[in-house]
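We name chains A, B, ... by the order of the sequence lines, and we start the count at 1 in each one. What you are looking at is a predicted structure, and each value in this text was computed from that prediction instead of being measured.
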Amino acid sequence: MTAMTSTHTPPASLHTPVIGWFEQHARDLPWRRPEAGAWGVMVSEFMLQQTPVSRVLPVYEQWMARWPRPADLAADAPGEAVRAWGRLGYPRRALRLHGAAQAITERHGGDVPSEHGQLLALPGIGEYTAAAVASFAYGQRHAVLDTNVRRVFARAASGIQYPPNATTAAERKLARALLPEEDGRAARWAAATMELGALVCTAKNEDCGRCPISGQCAWRLAGKPAHQGAPRRGQTYAGTDRQVRGRLLAVLRESVAPVTQAALDSVWEEPVQRARALDGLVADGLVEPLAGARYRLPLG
DNA sequence: GACACGTGGAA
DNA sequence: TTTCCAAGTGT
C-alpha cells in the first residue's frame, strides 16, 4: 500500500498542478509539435530509448527529412537506417524501426496504428513505447511507465528515492489508479509526469523547489530517505563485446563500399573476441557478410 | 528475472 | 579517472 492511497489523497489534487506546470515549462521538442504526426512520435520514441534528448535532436531532424513517412523508410535498405542512426547507440533499434516501418506499410496501409495491441506487435515496440505512441500521438488513456514516471511515482506516492530495477505489478496498478478519467487529460498527465521526472524530479540533484507537488510528495515529507538495498549494477563497458561491436559497426557505417576483413581486424587486437563480436553483428542482421571476406551494412 | 545491447556528457 | 545515467526491448 502506498502513502498516496493510504492517505486517501484524491488524484485530482495532483493532476491539476502537474499538468499546469507542464503547460508552463514543457520543452518545445519537435516530436511534440502537431506536424510531427504519429510517425514522428514513433521515431522519437525509438531514438529516445536509453538515449538523451540532446543527442537525439539532430538525428531526428535528419531522419524525418529523409524518411517523412513509414513507407519512405521501408523502401530504403535497412543498412541505410543503421548508417543514419549514427552514434546514437544500440543500433539494433534502427533495424527494428526499419522493420516496424515495413510492417506498417504492409499491414496498416502506411499509417502508424493507433491500437495498443497493434503497436505492441511491431518490432522494437514494448510495453512503454506502445503506451507512449498511443497516448502522445493519439491522445489515448494509457499508463505510460518510463524511467522518469516511475521515479516520480516512487517518490511522490511511495515515498522512496528510486523505483525497483524492473517495473512491478504494483507500479502498474498505481499508475493506472493515478490516471485521469478523461482520455485527453490522461495523455497530458502522461507527458507531464514524464517531463517532471526529466527536468525537476531527476535521478540526482532533484530540485524540489521547482516541483509543483513538493507539498504532497511522500518522499520529501519523509525527509528524503536515501535508497535502501544493493547499489545498482554498474554497467561496465571497456573491454566488452559491446565495445568491440561498436568499433566494428563504426567502420562499416563510414564506408558505402564493402569493407575488408583486414579493415575490421584493425579495430581490436584480441582475435577470439573480435570474431565473436562480428559473428554477433551478422547474427543480429546488422552486418551482411559477402564473398571474399568482405562485409557491409545490410541491403535487405 | 537476469543479461546483453552503444554512446558520450556530467559529477 | 571512474561512475552514473539517459523516453527500453528481446531473449
Participant: Could you state the CG-P distance from L95(A) to dA4(B), rounded to the nearest angstrom?
Facilitator: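 To the nearest whole Å, that distance equals 21 Å.
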Participant: Just checking G126(A): base, sugar-phosphate only, or nothing, at a heavy-atom cut-off of under 4.0 Å?
Facilitator: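 Result for G126(A) = sugar-phosphate.
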Participant: Using the C1' atom as the reference point in each nucleotide, state the distance between dT9(C) and dG1(B) in Å, no decimals.
Facilitator: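 15 Å, rounded to whole Å.
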Participant: Look only at the side chain of R83(A) and the backbone of R253(A), and say whether a donor-acceptor pair between them is shorter than 3.5 Å.
Facilitator: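 Yes; judged by distance alone, with no hydrogens or angles, the pair exists.
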Participant: Rounded to the nearest 0.5 Å, what's the gap from CD1 on I160(A) to CD on Q228(A)? Could you check?
Facilitator: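 It comes to 10.5 Å.
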Participant: Tell me if the centroids of the rings in W85(A) and W63(A) come within less than 6.0 Å of each other.
Facilitator: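 Yes, the ring centres sit under 6.0 Å apart.
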Participant: For the pair made of NE2 in H227(A) and P in dT3(C), what is the distance, rounded to whole Å?
Facilitator: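 These atoms are roughly 18 Å apart.
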Participant: Any carboxylate oxygen within less than 4.0 angstrom of a Lys/Arg side-chain nitrogen, looking at D241(A) and R276(A)?
Facilitator: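 Judged by the 4.0 Å cut-off on N to carboxylate O distance, D241(A) and R276(A) do form a salt bridge.
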Participant: Go through R274(A) and D265(A) one step at a time and tell me if the salt bridge (Lys or Arg N to Asp or Glu O under 4.0 Å) criterion holds.
Facilitator: CA-CA 7 Å; R274(A) 188 178 66 216; D265(A) 288 351; 3.1 Å; yes
Participant: Kindly compute the distance separating CZ (R155(A)) from CD1 (I213(A)), expressed to the nearest 0.5 Å.
Facilitator: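 One finds 11.5 Å between CZ of R155(A) and CD1 of I213(A).
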Participant: Quick one: L199(A) CG to dA6(C) C1', roughly how many Å, whole number?
Facilitator: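 Going from L199(A) (CG) to dA6(C) (C1'), I get 13 Å.
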Participant: Of H98(A), Q102(A), E288(A), which meets side chain to side chain contact (heavy atoms under 4.5 Å, CB included) against P78(A)?
Facilitator: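 One option only clears the test, and that one is H98(A).
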Participant: Once side-chain hydrogen bond (donor to acceptor under 3.5 Å, both in side chains) is applied, do any residues pair with D279(A), and if so which ones, sequence neighbours excluded?
Facilitator: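 D279(A): no side-chain hydrogen bond (donor to acceptor under 3.5 Å, both in side chains) contacts found.
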Participant: Can you measure from CH2 (W219(A)) to CZ (R151(A)) and round to the nearest 0.5 angstrom?
Facilitator: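 CZ of R151(A) is found 10.0 Å from CH2 of W219(A).
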Participant: Under 4.0 Å, counting only non-hydrogen atoms across every strand here, what does A203(A) touch: a base, just sugar-phosphate, or nothing?
Facilitator: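 Sugar-phosphate, no base atom in range.
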Participant: Please list residues of residues 246-266 of chain A whose heavy atoms come under 4.0 Å from any atom in DNA chain B, ordered by number; otherwise none.
Facilitator: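 Output list: G246(A), R253(A).
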Participant: Mind calculating the distance between CZ (R150(A)) and C1' (dC5(C)) to the nearest angstrom?
Facilitator: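 For the pair R150(A) CZ and dC5(C) C1', the rounded distance is 14 Å.
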Participant: Quick one, R188(A) with T193(A), criterion side chain to side chain donor-acceptor pair (under 3.5 Å). Give me CA distance, side-chain angles, the key distance, then yes/no.
Facilitator: CA-CA 9 Å; R188(A) 288 195 298 281; T193(A) 48; over 6 Å; no
Participant: Can you tell me how far C1' of dG10(C) sits from CZ of R92(A), to the nearest Å?
Facilitator: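 Going from CZ in R92(A) over to C1' in dG10(C) covers 7 Å.
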Participant: Report the C-alpha separation of T51(A) and R93(A) in whole Å, then their side-chain angles, then the decisive distance to 0.1 Å, and conclude whether the side chain to side chain donor-acceptor pair (under 3.5 Å) test is met.
Facilitator: CA-CA 11 Å; T51(A) 305; R93(A) 292 182 291 166; 3.0 Å; yes
Participant: Rounded to the nearest 0.5 Å, how far does OG of S266(A) lie from CZ of R247(A)?
Facilitator: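 Atom-to-atom, R247(A):CZ and S266(A):OG are 10.0 Å apart.
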Participant: Under a 4.0 Å heavy-atom cut-off, which of residues 45-71 of chain A touch DNA chain B?
Facilitator: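 Hits under 4.0 Å, by residue number: Q50(A), T51(A), R55(A).
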Participant: With ring-ring contact (aromatic ring centres under 6.0 Å, His included) as the rule and sequence neighbours excluded, what pairs involving residues 126-152 of chain A come up?
Facilitator: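 Sorted pair list: H116(A)-H142(A).
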Participant: Taking dA11(B) as the reference, what is the distance to dA7(C) when you measure between their P atoms (whole Å, please)?
Facilitator: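 About 15 Å, rounded to a whole number of Å.
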Participant: How would you label the contact of R87(A) with the nucleic acid (heavy atoms, under 4.0 Å): base, sugar-phosphate, or nothing?
Facilitator: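 Answer is sugar-phosphate: R87(A) comes under 4.0 Å of backbone atoms only.
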Participant: Any base atoms under 4.0 Å from T129(A), or only sugar-phosphate, or nothing? Heavy atoms, all strands.
Facilitator: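 Sugar-phosphate contact only - T129(A) comes under 4.0 Å of backbone atoms but never of a base.
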Participant: Classify the nucleic acid contact of E127(A) as base, sugar-phosphate or nothing, counting any heavy atom under 4.0 Å across all strands shown.
Facilitator: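 Answer is sugar-phosphate: E127(A) comes under 4.0 Å of backbone atoms only.
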Participant: Would you kindly give the CZ-to-C1' distance between R242(A) and dA4(B), to the nearest whole Å?
Facilitator: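 Those two atoms, CZ and C1', are 6 Å apart.
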Participant: For R69(A), I'd like to know if atom CZ has over 12 heavy atoms of other residues, nucleotides or ligands within 6.0 Å.
Facilitator: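 Not more than 12 within 6.0 Å, no.
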Participant: Please list, in numerical order, the residues of residues 28-40 of chain A that have a heavy atom closer than 4.0 Å to any atom of DNA chain C.
Facilitator: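 Close to the strand are L29(A), W31(A), R32(A).
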Participant: Select one nucleotide: of dA7(C), dC5(B), dG6(B), the one nearest the side-chain heavy atoms of R93(A).
Facilitator: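 Per side-chain heavy atoms of R93(A), the pick is dG6(B).
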Participant: OP1 or OP2 of dT7(B) versus the side-chain N and O atoms of Y237(A): is any pair under 4.0 Å?
Facilitator: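 Checking dT7(B) against Y237(A), a side-chain N or O does come within under 4.0 Å of OP1 or OP2.
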Participant: Pick the closest DNA chain B nucleotide for L88(A) and for A166(A) by heavy atoms, then say which residue is nearer the 5' end.
Facilitator: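 It is A166(A) whose nearest nucleotide is closer to the 5' end.
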Participant: To check you understand the geometry: which heavy-atom pair defines the closest contact between C201(A) and E206(A), and what is its length?
Facilitator: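 Where C201(A) meets E206(A) most closely, the heavy atoms are CA-CB, 4.3 Å.
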Participant: Hey, can you pull the residues of residues 204-213 of chain A with a non-hydrogen atom under 4.0 angstrom from DNA chain C?
Facilitator: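 Hits under 4.0 Å, by residue number: K204(A).
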Participant: Let me know the distance between CZ of R276(A) and P of dC5(B), rounded to the nearest Å.
Facilitator: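 My rounded result for the distance is 9 Å.
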Participant: For the pair made of CG in L286(A) and P in dA4(B), what is the distance, rounded to whole Å?
Facilitator: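 Between P of dA4(B) and CG of L286(A): 18 Å.
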